[in-house]
Amino acid sequence: ILLKDRKRPMTVKERFLITGHKFLDWHHFDSDPIGAPIERQLIAQVKNNLPRVEKVIVADYRHGLLSERTASAIVALCRKAHVPLYVDSQIVHAQGNHRWYEGATLVSLNLKEAIAVDPLFDKEKLKLSLGRLKKILSAKGIVVKLAGDGSAALIGTKYIRTAVPYKVNAVDPTGAGDAFLASLALGKTPLTAQDFKRANMWAALATTIVGTEPPSRAELEKILRE
């Protein structure tokens, strides 16, 4: 389903590499909010398709597609239809918009984003900090990605700490967060420790490839069998 805005330029993201490792990003895009007509189309598409989906996944790159009004409408529609909603939203200019998604089933954040929502977030007190984040965002579940240290999640009242089970030769972190969220989207409801283990593996493998090309499923399955 494509919503066309003929006045909006195509987003282009460039990566500059030295000896195979990324050292600079150069992005060209328009992050102004979409107009009201397209916003209404977007909300209508979500409403119309909800009866046919198992989950709704929001990856908010903060380029103007999702406004506070749209985000709140999506949360309300999913709650009314009892469809799980998973959200991952980026920070722009040190400001996050995670409160727009209060009431989501799962909110996925990195450490920087967690601290932006809750300045008291403490990596050394993960379970306590996750509980506070969960309350602030009125979410059923919270997961914080800790890069090379894996992830920590609070799903309902269940605390799940997942370490990265092996080391990889990381060359580009681009797309690792998306890989993590994509893997969780294929997991069970509610999410389990095994789901988080797989998500961490998939995200780690994503860093071994330059750009957003995902790793092979065969490679992941090989590691899971080991």
Side-chain angles (χ1 to χ4, degrees), residues 54-62 66 68 71-72 74-76 78-79 82-168 170 173 175-207:
E54 294 179 9
K55 297 184 182 78
V56 171
I57 313 301
V58 172
D60 188 350
Y61 301 110
R62 308 293 301 282
L66 295 160
E68 183 173 3
S72 298
I74 292 172
V75 172
C78 288
R79 294 184 71 173
H82 303 290
V83 174
L85 170 64
Y86 291 9
V87 175
D88 191 326
S89 180
Q90 296 182 358
I91 284 182
V92 175
H93 305 306
Q95 296 295 321
N97 69 338
H98 296 85
R99 290 178 182 269
W100 293 2
Y101 298 98
E102 289 182 9
T105 308
L106 178 77
V107 180
S108 176
L109 312 96
N110 60 29
L111 190 57
K112 180 180 178 181
E113 292 159 355
I115 293 172
V117 175
D118 177 15
L120 298 178
F121 189 91
D122 187 347
K123 188 179 177 181
E124 302 304 317
K125 300 177 181 178
L126 284 170
K127 187 174 183 180
L128 180 65
S129 295
L130 288 169
R132 198 164 51 242
L133 266 181
K134 186 170 175 288
K135 185 175 181 180
I136 291 172
L137 296 176
S138 301
K140 293 182 179 179
I142 291 284
V143 59
V144 174
K145 298 164 287 186
L146 303 170
D149 291 329
S151 66
L154 190 62
I155 306 301
T157 59
K158 185 177 181 180
Y159 175 64
I160 303 174
R161 178 70 173 94
T162 309
V164 176
Y166 64 101
K167 299 296 182 181
V168 297
D178 292 330
F180 185 87
L181 182 64
S183 181
L184 290 183
L186 297 175
K188 297 179 180 179
T189 304
L191 292 163
T192 67
Q194 184 63 24
D195 293 322
F196 285 104
K197 179 181 178 182
R198 185 182 61 246
N200 276 279
M201 287 181 173
W202 192 241
L205 287 172
T207 69

Can you name the one residue among Asn97, Ile91, Leu133 that meets side chain to side chain contact (heavy atoms under 4.5 Å, CB included) with Val117?
Leu133

Using side-chain contact (heavy atoms from CB on, under 4.5 Å), reason through Tyr101 and Asp60 one step at a time and then give a plain yes or no.
CA-CA 11 Å; Tyr101 298 98; Asp60 188 350; 2.8 Å; yes

Step by step, work out the salt bridge (charged side-chain N to carboxylate O under 4.0 Å, His left out) result for Lys127 and Asp122.
CA-CA 9 Å; Lys127 187 174 183 180; Asp122 187 347; over 6 Å; no

Is the shortest heavy-atom distance from the side chain of Thr189 to the side chain of Glu54 under 4.5 Å?
no

So, taking the atom named CE in Met201 and the one named NZ in Lys197, what distance separates them when rounded to the nearest 0.5 Å?
4.5 Å

Would you say Val144 and Lys123 make side-chain contact, with heavy atoms under 4.5 Å?
no

Work out which heavy atom in Thr105 is nearest to a heavy atom in Pro84; give both atom names and the distance.
OG1-CA, 3.3 Å

Rounded to the nearest 0.5 Å, what's the gap from NZ on Lys125 to CZ on Arg132? Could you check?
9.0 Å

Here the gap from Asp118 atom CG to Ser129 atom OG, rounded to the nearest 0.5 Å, amounts to 6.5 Å

Without swapping roles, check the side chain of Asp195 against the backbone of Lys188 for a donor-acceptor pair under 3.5 Å.
yes

Taking side chain as C-beta onward, heavy atoms only, is Ile160 less than 4.5 Å from Thr162?
yes

Please check this pair: side chain of Glu113 against backbone of Asn110, looking for a donor-acceptor N/O pair closer than 3.5 Å.
yes

About how many Å separate OG of Ser138 and CD of Glu102, when rounded to the nearest 0.5 Å?
5.0 Å

If I take atom CG from residue Leu154 and atom NZ from residue Lys134, how far apart are they, to the nearest 0.5 angstrom?
5.5 Å

Walk me through whether Val75 and Trp100 qualify under side-chain contact (heavy atoms from CB on, under 4.5 Å).
CA-CA 9 Å; Val75 172; Trp100 293 2; over 6 Å; no

Atom of Ile155, atom of Gly141 and distance for their closest heavy-atom approach
CD1-CA, 4.1 Å

Do the side chains of Leu146 and Arg161 get nearer than 4.5 Å, heavy atoms only?
yes

Which of Leu106, Val107, Ile74 passes side chain to side chain contact (heavy atoms under 4.5 Å, CB included) with Leu85? It is Ile74

Side-chain donor or acceptor of Asn200 paired with backbone N/O of Phe196 under 3.5 Å:
yes

What heavy-atom pair brings Ala206 and Ala176 nearest, and what distance separates the two atoms?
CB-CA, 4.1 Å

Just wondering, do Leu191 and Tyr86 contact through their side chains at under 4.5 Å, heavy atoms?
yes

What I'd like to find out is whether the side chain of Asp88 reaches to under 4.5 Å of the side chain of Val58, using heavy atoms alone.
no

Is it true that the side chains of Tyr61 and Asp178 contain a donor and an acceptor less than 3.5 Å apart?
yes

Which distance, rounded to the nearest 0.5 Å, do you find between the CD of Gln90 and the CD of Gln95?
15.0 Å

Lys55 atom NZ, over 12 foreign heavy atoms within 6.0 Å
yes

Just by modelled atom types, is the Ser89 backbone N or O under 3.5 Å from a matching donor or acceptor in the His98 side chain?
yes

Checking Ser183 side chain against Ala179 main chain: does a donor-acceptor pair fall under 3.5 Å?
no

